[in-house]
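Working notes for the structure below.
The basis for the numbers below is simple: all heavy atoms, side chains too, and nothing from hydrogens, waters or symmetry mates.
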Amino acid sequence: MRLKRTHMCGDLRADHIDQTVIVAGWVDRIREIGGVTFLDLRDREGRVQLKFRLESSAKLLDAANHLGREYVIAAEGKVVHRGEGNTNPKLPTGDVEMEVEDLEILNKSETPPMEIRDDIEVNSELRLKYRYLDLRRPSLQANFKLRHRLVKSARDHLDARGFYEIETPLLTKPTPEGARDFIVPARQSPGKFFALPQSPQIFKQILMMSGFDKYFQFARCLRDEDKRGDRQPEHTQLDLEMSFVEPADVQSVIEGVAADIMKQTLGIDIVTPFPHLSYRDAMSKYGSDKPDTRFGMPLVDLSDDVKECGFAVFANTVKEGKVVKALRIPTGHTMVSKGQFKALEKDAKGRGAKGLAFIRYAEDELVSPIAKFFTEEELAMIKERTGAETGDLVVFVADTAHLADQILAHFRITFADKLELRDMSRYDYTWIDNFPQFEYDEESNQIVAAHHPFVMPENPEQLLAFADELRHTDGAVTPKAVDLAESIVATQYDFVVNGVELGSGSIRIVDREIQDAMFVCLGIGKEQAESQFGFLLEALKYGAPPMAGIGIGVDRWLMILLGLDTIQDVIVFPKTAGAKGLLDDSPAFADPAALEELGIQIVPKKE
RNA sequence: GGGGAUGUAGCUCAAUUUGGUUAGAGCCCCGGACUGUCGAUCCGGAGGUUGCGGGUUCGAGUCCCGUCGUCCUCGCCA
């Protein structure tokens, strides 16, 4: 390397005029115009225009004309003003250009399989295979600059508040989040396996028992589940835990972190503390435990109003203990054509609904196949309860609360997008709390945990009673058990913004008796608890402080800050939907000798 | 694991509905022209096993079966 860089391409401004500088980077584009050639040179900070003139040096001009895209070069030259009428306001460096006096080719490049620019679409397979080219695009560079800012800002904030950054093991025992574990064979213990952590949950609790008081970590979390737009097999959590605190203390820390992050990344001042919304209210109003609270369009529960109505489908649904919920779509009648409604109905059915009832509030009549089943009074009630006006569309789902909420919440978001009700410059951070500790599934007559098994209940005496009941019935799910289970409220708090669940935290159980009761309630036997979590239970005997914490999805947070709808482009090397790494072509077959050593034999999967 | 979409030039797409003779366009690439361009422009050129395998047919990018990849979605999951 003959020419040593003095400035970054993207940093050059009018201030640098008359200075002789050396820049280095990738050839973005070359424009030959006879006796003059313009070359855009790109680095992390941006692009600058290099100029080669016949009058200055025929040799340099010829050299420039023989460069190719993505060649890596260094250039020395004088920064000059481009002159009246030649400036480019679209470029931050657009007032200036470099008159090149010396040029060094640092590396050549084959013609890349994709163009390095933001304004073209390339299929994701190619983007992931040549991720290093994809990452050269300015928008991707900006994503990771923001990611760095977010991490740095959170780290600084937590350091200032007395947190220790501590790493926990990657080779661990299975953790209890409920997802499938990635497992790693243990060579020195034939037949045994490590699990990669789904989260550092147990370890951070033990760190509190170790007396570290306040801990945080940017923790990689690995879960062997199918991916979605906002889910990858490996993701990063800002994980933290505090001793001698209550949820409000943890929330206050996160509010401080969030305020700093918003300021440092987007330059936005946000108002703290954040509002709280109970799980119950979130579900009834928005049909979701991660509601987008930036706009209204509340779901309306008509169950009580229609249980005696003339429309048998509605009345019977309510009598079966299910619900009838409605969503008013403002201007929906004018906006949604018959054909488009068919698509909606198909969508609803695809999600499990039996149908999608509707009323169109046309100019002077109701267009609806179900209107004829209702009395005038009932129609007036529906109009009043939903707030429907002329031009609106109201859709109804009569089914289980779960399904009705899921479908209508989905439509609520879809139409808010169409109506442009989702203000992209707004960030509605919200705490969701008062979650149920258990969920009861009527069909299978089973009570399952809504969270991991270390979440402290608000009302532990109910948990103890529930455990007692199960001990008496030998685990059988009686109506009394269901009542008790449903009465237990978790100390859990979820951190939500704009309809995305960023994180979740709680007070942890540190009382051995309550922890034992929790295992009973989850149907985890003494032996199983001992073998899976024995080390934690043992630790609880030796003085565990009261503790609470939270884990926040860094990738999702970035997705929100950048206005993206997937986390794919805030992760440098993401996996595909089939959990493959296209860049390194992972996963791959293992060396037979390695398998031999591990005592592992591959058995073909049965059909 | 289920459902849906998709695969045509290096890239983005058209031709698929109704099977028909030579599979087109823009960008990229190559050559030429051009002394203020910046998505440069103009002229010329190259570039294809239509994902892969099989089948139907006189004839398949187009129809059928299988298979693989990618994306979305349900289940699952943070």
Side-chain angles (χ1 to χ4, degrees), chain A residues 28-41 47-56 61 65-66 68-70 80 82-91 93-94 97 110-130 133 175 177-181 198-199 201 219 221-239 289-290 343 346-347 349-353 403 406-407 410 451-452 494-496 500-505 550-557 565-568 575-578 580 582 585 605:
Chain A
D28 195 68
R29 231 166 306 206
I30 302 171
R31 294 177 293 279
E32 287 178 44
I33 294 109
V36 62
T37 286
F38 298 103
L39 183 155
D40 291 338
L41 194 65
R47 263 157 51 190
V48 70
Q49 176 165 288
L50 310 188
K51 184 174 64 174
F52 301 83
R53 288 170 62 95
L54 188 62
E55 288 87 340
S56 311
L61 178 71
N65 289 347
H66 284 90
R69 289 192 305 139
E70 302 311 310
V80 298
R82 289 193 184 189
E84 224 36 59
N86 295 331
T87 58
N88 183 355
K90 283 189 268 183
L91 230 52
T93 62
E97 63 191 0
E110 289 186 16
T111 302
M114 54 192 271
E115 295 179 59
I116 315 297
R117 43 196 272 197
D118 284 328
D119 56 345
I120 55 161
E121 295 263 331
V122 181
N123 80 63
S124 70
E125 207 175 334
L126 200 75
R127 289 184 55 199
L128 292 178
K129 182 173 175 192
Y130 297 98
L133 296 178
T175 42
E177 265 69 20
R180 197 179 294 114
D181 285 313
Q198 296 177 32
S199 84
Q201 183 61 40
C221 303
L222 301 116
R223 295 169 196 185
D224 185 8
E225 297 289 351
D226 287 359
K227 106 158 208 154
R228 286 287 189 287
D230 62 353
R231 252 162 53 187
Q232 280 271 334
E234 46 186 324
H235 76 287
T236 305
Q237 274 188 13
L238 170 52
D239 190 54
D289 60 359
K290 42 179 197 291
K346 197 181 162 199
D347 188 356
K349 284 181 176 171
R351 288 166 196 275
L403 209 63
Q406 195 198 326
I407 291 164
H410 169 71
H451 324 285
H452 64 68
D494 276 12
F495 186 48
V496 169
V500 172
E501 183 193 325
L502 287 185
S504 184
I550 193 166
I552 295 180
V554 168
D555 314 289
R556 284 188 183 174
W557 206 341
D565 47 19
T566 85
I567 61 174
Q568 175 128 336
K575 300 281 189 285
T576 67
K580 289 178 174 53
L582 298 186
D585 196 23
K605 216 174 174 179

In Å, rounded to the nearest 0.5 Å, how long is the span from CG of A/L91 to CD of A/Q49?
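Reported to 0.5 Å precision, the distance equals 8.5 Å.
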Out of curiosity, A/D230 CG to A/E501 CD, how far, rounded to the nearest 0.5 Å?
9.5 Å
Given B/G69, B/A78, B/C72, the nucleotide with the shortest approach to the side chain of A/E125:
B/G69
Any A/T111 side-chain N or O less than 4.0 Å from OP1/OP2 of B/C28:
no
Short side-chain N/O contact from A/R228 to OP1 or OP2 of B/C71, under 4.0 Å
no
List the atom of A/Q232, the atom of A/K575, and the distance in Å for their closest heavy-atom pair.
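Heavy-atom minimum between the residues: OE1-N, 2.8 Å.
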For A/D239 and A/G551, which heavy atoms make the closest approach, and how far apart are they?
OD1-CA, 3.9 Å
Applying side-chain contact (heavy atoms from CB on, under 4.5 Å) to A/N88 and A/R82, what does each step give before you reach the verdict?
CA-CA 9 Å; A/N88 183 355; A/R82 289 193 184 189; 3.5 Å; yes
Round to a whole Å and report the spacing from [atom1] of [X] to [atom2] of [N].
| X | N | atom1 | atom2 | result |
| --- | --- | --- | --- | --- |
| A/D224 | B/G1 | CG | C1' | 14 Å |
| A/L582 | B/G51 | CG | P | 19 Å |
| A/R231 | B/C72 | CZ | C1' | 13 Å |
| A/D226 | B/G75 | CG | P | 12 Å |
| A/R69 | B/C11 | CZ | P | 13 Å |

Tell me every residue that passes salt bridge (charged side-chain N to carboxylate O under 4.0 Å, His left out) with A/R53, counting only those two or more places apart in sequence or in another chain.
A/E55
How far does the [atom1] atom of [N] sit from the matching atom of [M], given to the nearest Å?
| N | M | atom1 | answer |
| --- | --- | --- | --- |
| B/C28 | B/C58 | P | 46 Å |
| B/A46 | B/C30 | C1' | 7 Å |
| B/C52 | B/U73 | P | 29 Å |
| B/G48 | B/G24 | P | 13 Å |
| B/G26 | B/U22 | P | 23 Å |
| B/C29 | B/A5 | P | 37 Å |

Output a table of donor-acceptor pairs, distance under 3.5 Å, between side-chain atoms of residues 32-40 of chain A and any protein atom two or more places apart or on a different chain; print 'none' if there are none.
{"residue": "A/T37", "atom": "OG1", "partner": "A/N65", "partner atom": "OD1", "Å": "2.6"}
{"residue": "A/D40", "atom": "OD1", "partner": "A/R31", "partner atom": "NH2", "Å": "3.1"}
{"residue": "A/D40", "atom": "OD2", "partner": "A/R31", "partner atom": "NH1", "Å": "3.0"}

Both distances under 3.5 Å, Watson-Crick or G-U wobble: report the partner of [N], or none.
| N | value |
| --- | --- |
| B/U21 | none |
| B/C42 | B/G32 |
| B/C71 | B/G4 |
| B/G66 | B/C52 |

Heavy atoms only, 4.0 Å cut-off, all strands: where does A/Q232 land among base, sugar-phosphate and nothing?
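Contact class for A/Q232: base.
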Could you tell me whether A/L502 contacts a base, only the sugar-phosphate backbone, or nothing, with contacts defined as non-hydrogen atoms closer than 4.0 Å?
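Result for A/L502 = nothing.
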If you restrict it to nitrogen or oxygen atoms, what contacts under 3.5 Å exist between nucleotides 42-50 of chain B and the protein, and what is each distance?
none

If you apply the rule side-chain contact (heavy atoms from CB on, under 4.5 Å), what do you find for A/K290 with A/V500, and how did you get there?
CA-CA 6 Å; A/K290 42 179 197 291; A/V500 172; 6.0 Å; no
Show, in sequence, the C-alpha distance, side-chain angles and deciding distance for A/Q198 and A/D181, and conclude whether the side-chain contact (heavy atoms from CB on, under 4.5 Å) test is met.
CA-CA 7 Å; A/Q198 296 177 32; A/D181 285 313; 2.6 Å; yes
I'd like a table of donor-acceptor pairs (distance under 3.5 Å, sequence neighbours excluded) in which one partner is a side-chain atom from residues 114-123 of chain A, with atom names and distances.
{"residue": "A/E115", "atom": "OE1", "partner": "A/R117", "partner atom": "NH1", "Å": "3.1"}
{"residue": "A/R117", "atom": "NE", "partner": "A/D119", "partner atom": "OD1", "Å": "2.8"}
{"residue": "A/R117", "atom": "NH2", "partner": "A/D119", "partner atom": "OD2", "Å": "3.3"}
{"residue": "A/D118", "atom": "OD1", "partner": "A/S139", "partner atom": "N", "Å": "3.1"}
{"residue": "A/D118", "atom": "OD1", "partner": "A/S139", "partner atom": "OG", "Å": "2.8"}
{"residue": "A/D118", "atom": "OD2", "partner": "A/S139", "partner atom": "N", "Å": "3.1"}
{"residue": "A/N123", "atom": "OD1", "partner": "A/E125", "partner atom": "N", "Å": "2.9"}
{"residue": "A/N123", "atom": "OD1", "partner": "A/L126", "partner atom": "N", "Å": "3.0"}

Decide yes or no on side-chain contact (heavy atoms from CB on, under 4.5 Å) for A/R231 and A/R556, but give the supporting numbers first.
CA-CA 9 Å; A/R231 252 162 53 187; A/R556 284 188 183 174; 4.1 Å; yes
By nearest nucleotide on RNA chain B, pick out whichever of A/K580 and A/D555 is the more 5' one.
A/K580
Mark up nucleotides 31-38 of chain B, 5' to 3', with B wherever a protein heavy atom is under 4.0 angstrom from a base atom, S wherever such an atom reaches only the sugar-phosphate, and - elsewhere.
---BBBBB
Polar atoms only, N or O, under 3.5 Å: list the protein pairs with nucleotides 12-14 of chain B and their distances.
{"residue": "B/U12", "atom": "OP1", "partner": "A/N123", "partner atom": "N", "Å": "2.7"}
{"residue": "B/U12", "atom": "OP1", "partner": "A/N123", "partner atom": "ND2", "Å": "3.2"}

